[in-house]
Amino acid sequence: MLVTGAILGLLAGYVRWLDTVIMAVMDGLMAVPAVLLGVASLMAIGSNTFGLIFAISLPFLPEITRLTRSLALTIRNEPFVEAAVMAGTGTARILWRHILPNAVAPLIVLTSYVAASSIIAEAILSFIGIGTPPELPSWGNMIADGRNSFQRAPWVIFVPSTFLALVVLAINIIGDRMRDVTDPLNHGGH
């Protein structure tokens, strides 16, 4: 969804006539609650691993598209973009070579948030029994399996829960560090 959202956002932010169409679709997606959107997509695609991934990530598409659009709207007015337009550079090249590289840092932060939120959502769905099938390894499945023996062996819930929290924390820290390294205004992350 990141690539799709970034492409749609770049197009909406730079190509004015596409802005209305793309943002109307994103507004429509945002009007539907994430749970209903996920359930509807699971029903349309099927309750398999791909369907679960799609159902979890689809509600993030408007967020990614809107952020990329706002970045493109800001960056397209920069002097280096205007110079590229005056030099006759094509739209695709301007988007790829001038606007996208300057939008990467905020997109990395959003990507780390989306990844962490998706991992938590999958664990929650697996815990309540509508996520990954019970035979597939998942922290939600492990925690759900440990409910029966929690009184005797509480570590069967604490260990996967701790690792789930550590992975989410690590993703956020990595996202922040990558933002620092890729931000052109940060001079290489120093």
Exercise for the section: Over all heavy atoms of both residues, which pair between Ala84 and Ile94 is shortest? Give the atoms and the distance, please. Expected result: CB-CG1, 4.1 Å
Exercise for the section: Work out which heavy atom in Ile108 is nearest to a heavy atom in Arg179; give both atom names and the distance. Expected result: CG2-N, 4.0 Å
Practice task
Determine, using the 4.5 Å side-chain heavy-atom cutoff (strictly less than), whether Val159 and Ile119 are members of one ILVMFWY cluster.
Solution key: yes
Problem - Neighbour count above 12 (heavy atom, 6.0 Å) for Gln151 CD - result: no
Handout entry: Residues in salt bridge (Lys or Arg N to Asp or Glu O under 4.0 Å) contact with Arg66, at least two apart in sequence or another chain
Key = Asp27
Problem - Pairs touching residues 77-94 that satisfy side chain to side chain donor-acceptor pair (under 3.5 Å), sequence neighbours left out - result: none
Problem - With sequence neighbours excluded, residues passing side-chain hydrogen bond (donor to acceptor under 3.5 Å, both in side chains) with Thr68 - result: none
Handout entry: Backbone N/O of Ala116 and side chain of Asn172: donor-acceptor pair under 3.5 Å
Key = no
Completion exercise
Contacts of Ile120 meeting side-chain contact (heavy atoms from CB on, under 4.5 Å) (sequence neighbours excluded), chain-then-number -> Ile124, Val168
Exercise for the section: Report yes or no: do Ile99 and Val3 belong to one cluster of Ile/Leu/Val/Met/Phe/Trp/Tyr joined by side chain heavy-atom distances under 4.5 Å? Expected result: yes
Completion exercise
The reported gap from CG in Leu36 to CE in Met43 (rounded to nearest 0.5 angstrom) is 11.0 Å
Fill in the blank from the handout: Distance col, row Leu10:CG vs Leu107:CG, nearest 0.5 angstrom, shows 8.0 Å
Problem - Single-linkage hydrophobic cluster Leu2~Leu61, side-chain heavy atoms < 4.5 angstrom - result: yes
Fill in the blank from the handout: One should read off an interatomic distance between Ile157 CD1 and Ile143 CD1, to the nearest 0.5 angstrom, of 7.5 Å
Handout entry: Separation between CD1 of Ile56 and CE of Met1, rounded to the nearest 0.5 Å
Key = 11.5 Å
Exercise for the section: Give a yes or no on whether Leu37 and Met30 share a hydrophobic cluster (residues Ile, Leu, Val, Met, Phe, Trp, Tyr; joining criterion: side-chain heavy atoms under 4.5 Å apart). Expected result: no
Fill in the blank from the handout: For Phe150, the ring-ring contact (aromatic ring centres under 6.0 Å, His included) test, sequence neighbours excluded, returns Phe158
Handout entry: All pairs passing side chain to side chain donor-acceptor pair (under 3.5 Å) where residues 103-129 contributes a residue, at least two apart
Key = Glu122-Ser126, Glu122-Thr132, Glu122-Ser138, Ser126-Thr132, Ser126-Ser138
Exercise for the section: Would you kindly confirm whether Val32 and Leu58 end up in one hydrophobic cluster when ILVMFWY residues are joined by side chain heavy atoms under 4.5 Å apart? Expected result: yes
Problem - Full working for side-chain contact (heavy atoms from CB on, under 4.5 Å) between Leu29 and Thr65 - result: CA-CA 11 Å; Leu29 286 174; Thr65 303; over 6 Å; no
Handout entry: Asn102 CG to Leu71 CG distance, which is reported to the nearest 0.5 Å
Key = 9.5 Å
Handout entry: Residues forming a ring-ring contact (aromatic ring centres under 6.0 Å, His included) with Phe163, sequence neighbours excluded
Key = none
Handout entry: Non-neighbouring partners of Asp19 that pass side-chain hydrogen bond (donor to acceptor under 3.5 Å, both in side chains), sequence neighbours left out
Key = Arg69
Completion exercise
Of all heavy-atom pairs linking Asn141 and Leu136, the shortest is ND2-O, 3.0 Å
Practice task
Any chance you could measure Met26, atom CE, to Glu63, atom CD, to the nearest 0.5 Å?
Solution key: 12.0 Å
Exercise for the section: Can you tell me which residue pairs pass the ring pair (Phe, Tyr, Trp, His ring centres under 6.0 Å) test with a partner in residues 49-108, sequence neighbours excluded? Expected result: none
Exercise for the section: Scan for salt bridge (charged side-chain N to carboxylate O under 4.0 Å, His left out) pairs involving residues 99-109, sequence neighbours excluded, and state none if there are none. Expected result: none
Handout entry: Results of side-chain contact (heavy atoms from CB on, under 4.5 Å) for Leu18 - residues two or more places apart only
Key = Leu11, Val15, Ile22
Exercise for the section: List for me each residue that meets side-chain contact (heavy atoms from CB on, under 4.5 Å) alongside Pro134, sequence neighbours excluded, and say none if there are none. Expected result: none
Fill in the blank from the handout: Looking only at heavy atoms, the pair that brings Pro59 and Pro62 closest together is O-CD, 3.4 Å
